[in-house]
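A quick write-up on the structure given underneath.
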Amino acid sequence: MEFENLLFLLEGRCDGLLFSGEYNITIEEIKSTSLPLESMDERTNPAHWAQAQCYGFMFLKEQGKDQRDLRLTYVHKISGDKKFFTRTSSLVELEDSVRGMIANFAPYARLQVEHGLKRDLSIKKLNFPFPRYRQGQRQLAGAVYKTINEGRTLFANAPTGIGKTISTIFPAVKAIREERIRKLFYLTAKTTTRQTAEEAFSLMIKKGLEIRTVTITAKAKVCFTSEGKCNKNDCEYANGYYDRINDAVLDILRKEAILDRSCIEKYARKHLVCPFEFSLDLAYAADAVICDYNYIFDPKVSLKKLFDEQKRKTILLVDEAHNLVDRGRDIFSATLEKSPFLQLKREFKEKNHSLGDISKRLNNYFIQLRKQVGSSKTMEFEEPLEELNQLVAEFIEHAENELIRAGELDLLLETFFVAQNWQRITRLYDERHFIC
């Protein structure tokens, strides 16, 4: 679709086409929810209808039809009960809705297109930012550039002082102007090397490079409340975040190139948005992202909104990659302990029988496990613990329901996240894992 001289590609796959007779077709969008169905109405989440409207518009446009029913279906995650809402919409109405969505997105899209043109032109003109290469730098930079163009992996072992950071970032930036590469991540576990990477980009920007860099800092370090409670009741920066984030993103992208911690905090306070979530949203708009290994490799915190097509056009520069061995073990491990379930059993015995009961059964499971282990203190298991995994799944369901009903309870919330991580890792379990 063309809008103000920009061409937009609208695509997606609807959840259902429901046929009733030869000509009556309903386009269905299905959402799962933990909220009580009786509390939901047609206006609960306008974004869900917007998604259904996009599918309806695409279908009518493709089929050359004038009118269709759209159905929004909510399925309760625990009970399986369903609630339906149906609207009849014409092609004209749906096209107006879709164009309204595009109009809201267009300022960001135009900003990205204009920046991309300037960036690619500046990269073409960019020279190595120092008067001369040090010994070994040219060879390393050439090897990095060749590896990127060939879509391969390079392991480089170079002595301290050679200038590895600029020797890898510079050729990676030069590769961005090729259509195959659109983004790079510089991954590091140390503050000092993160700063070195920021300085390298800053130097190239001073030499004429038009590029946007974002540094992601750990949530605990940038949280304005210092308590890390990310809910609207405890944090004004979380309350209404999505009402303000679009203006915040446009503002910072129009005025800044190096989006480091201090810059992000400045604009986060200006627009009253969470600085950590702000940095994650900016990462999708940036050309280069400086961050910890976790944001790429950890399934709990990775940047999940990167599409597969974007991932194929992304470079990873991993500083001190030997650290990934131990870090990988931590990332793909999960731990469960008995004590939280004992406390939750006592806390919810009377006020939530289902949650109290599942906590009791988990506590009893650990007691039996302790008896089985005996004096040896440790035991290795060759197969997944299916009974435990089923108990954990039940606990997650009841805990989520209680959290929705009663709000964020510290111990329950913490145990809920621990249980979710256990479930997430057990789904990955294969011959590379063991349980002890």
Side-chain angles (χ1 to χ4, degrees), residues 32-40 44 74-81 218-220 223-239 241 274 276-277 298-301 330 333-374 377-379 381 384-427 429 435-436:
S32 61
T33 181
S34 298
L35 295 171
L37 291 182
E38 59 269 18
S39 70
M40 307 186 74
T44 298
Y74 288 101
V75 182
H76 197 270
K77 290 168 68 174
I78 297 176
S79 68
D81 293 339
K219 181 189 292 187
C223 178
F224 289 154
T225 67
S226 74
E227 296 180 5
K229 293 185 176 180
C230 299
N231 63 79
K232 64 182 182 181
N233 296 323
D234 295 308
C235 179
E236 64 176 323
Y237 301 97
N239 187 13
Y241 175 86
C274 167
F276 178 70
E277 294 296 332
D298 191 336
K300 296 190 297 296
V301 297
D330 291 337
S333 295
T335 301
L336 278 182
E337 296 183 359
K338 172 183 177 296
S339 57
F341 298 110
L342 175 60
Q343 294 179 60
L344 292 171
K345 179 193 80 167
R346 293 168 177 167
E347 182 178 344
F348 291 97
K349 181 179 180 181
E350 300 298 334
K351 57 184 180 182
N352 185 326
H353 296 297
S354 297
L355 182 56
D357 178 65
I358 186 60
S359 299
K360 177 182 177 181
R361 285 190 283 150
L362 275 161
N363 183 64
N364 290 343
Y365 181 91
F366 278 102
I367 291 173
Q368 293 301 317
L369 198 61
R370 187 165 58 193
K371 290 178 180 178
Q372 185 180 352
V373 172
K377 302 295 184 183
T378 62
M379 177 182 291
F381 300 88
L385 304 177
E386 296 297 345
E387 181 184 355
L388 175 60
N389 294 341
Q390 180 57 44
L391 290 171
V392 169
E394 289 184 44
F395 172 81
I396 289 171
E397 286 185 0
H398 292 297
E400 184 176 21
N401 204 32
E402 177 65 18
L403 289 167
I404 291 171
R405 186 190 68 79
E408 295 194 9
L409 308 168
D410 289 347
L411 176 61
L412 180 59
L413 184 63
E414 181 181 348
T415 310
F416 172 73
F417 286 139
V418 168
Q420 277 197 320
N421 187 46
W422 175 271
Q423 188 180 65
R424 186 183 296 111
I425 298 303
T426 55
R427 288 171 179 161
Y429 189 95
I435 301 174
C436 65

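On a predicted model such as this, the values are computed, not experimentally measured, just so you know.
At a cut-off of 3.5 Å, with distance as the only test, a side-chain donor of R427 or Q423 sits close to an acceptor on the other residue.
A donor-acceptor distance shorter than 3.5 angstrom exists from the side chain of Y241 to the backbone of E277, with no hydrogens or angles considered. No side-chain donor-acceptor contact under 3.5 Å links N239 to the backbone of C235.
Between T225 and E236, the closest side-chain pair of non-hydrogen atoms is not below 4.5 Å. Inter-residue side-chain proximity for N401 and N352 is flagged as unmet; no heavy-atom pair is nearer than 4.5 Å. For the pair L412/L355, a side-chain contact is recorded, criterion being any heavy-atom separation below 4.5 Å from C-beta on. Between L385 and Y365 the shortest side-chain heavy-atom distance falls below 4.5 Å.
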**Prompt:** Stepwise, does the side chain to side chain contact (heavy atoms under 4.5 Å, CB included) test hold for I367 with K371?
**Reply:** CA-CA 6 Å; I367 291 173; K371 290 178 180 178; 4.0 Å; yes
**Item:** Residue pair L336, L388: steps toward the side chain to side chain contact (heavy atoms under 4.5 Å, CB included) verdict
**Value:** CA-CA 10 Å; L336 278 182; L388 175 60; 4.2 Å; yes
**D357 and F348: CA distance, side-chain angles, deciding distance, side chain to side chain contact (heavy atoms under 4.5 Å, CB included) verdict** = CA-CA 8 Å; D357 178 65; F348 291 97; over 6 Å; no
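Within the model, atoms CD of E394 and CD1 of I358 stand 4.0 Å from one another, a figure rounded to the nearest 0.5 Å. How far OG of S333 is from CH2 of W422: 10.0 Å, rounded to the nearest 0.5 Å. Here the straight-line distance linking atom CG of L403 with atom NE2 of H398 works out to 13.0 Å at 0.5 Å rounding. Expressed to the nearest 0.5 Å, how far CG of D330 lies from CG of D298 amounts to 9.5 Å. With values rounded to the nearest 0.5 angstrom, K360 atom NZ is found 13.5 Å from L391 atom CG. Taken to the nearest 0.5 Å, the CD1 atom of I425 stands 12.0 Å off from the CG atom of N389.
The two residues A334 and N421 make their nearest non-hydrogen contact at CB-ND2, 3.8 Å. When all heavy atoms of S359 and L344 are compared, the pair lying nearest together is OG-CB, 3.6 Å. Closest non-hydrogen pair, A399 versus F416, comes out as CB-CD1, 3.9 Å. When every heavy atom of T415 is checked against every heavy atom of L411, the shortest pair comes out as OG1-O, 2.7 Å.
For the side chain to side chain donor-acceptor pair (under 3.5 Å) with S34, the lone residue among E397, H76, E400 that qualifies is E400.
Residues that satisfy the side chain to side chain contact (heavy atoms under 4.5 Å, CB included) test with Q372, not counting sequence neighbours, are L369, M379, F381. Every residue two or more places apart in sequence or in another chain was checked for a salt bridge (charged side-chain N to carboxylate O under 4.0 Å, His left out) with R370, and none qualifies. In this structure E347 satisfies the salt bridge (charged side-chain N to carboxylate O under 4.0 Å, His left out) test together with K351, sequence neighbours excluded.
The aromatic rings of F341 and F366 lie parallel to each other, with less than 30° between the two planes, well short of the 60° mark.
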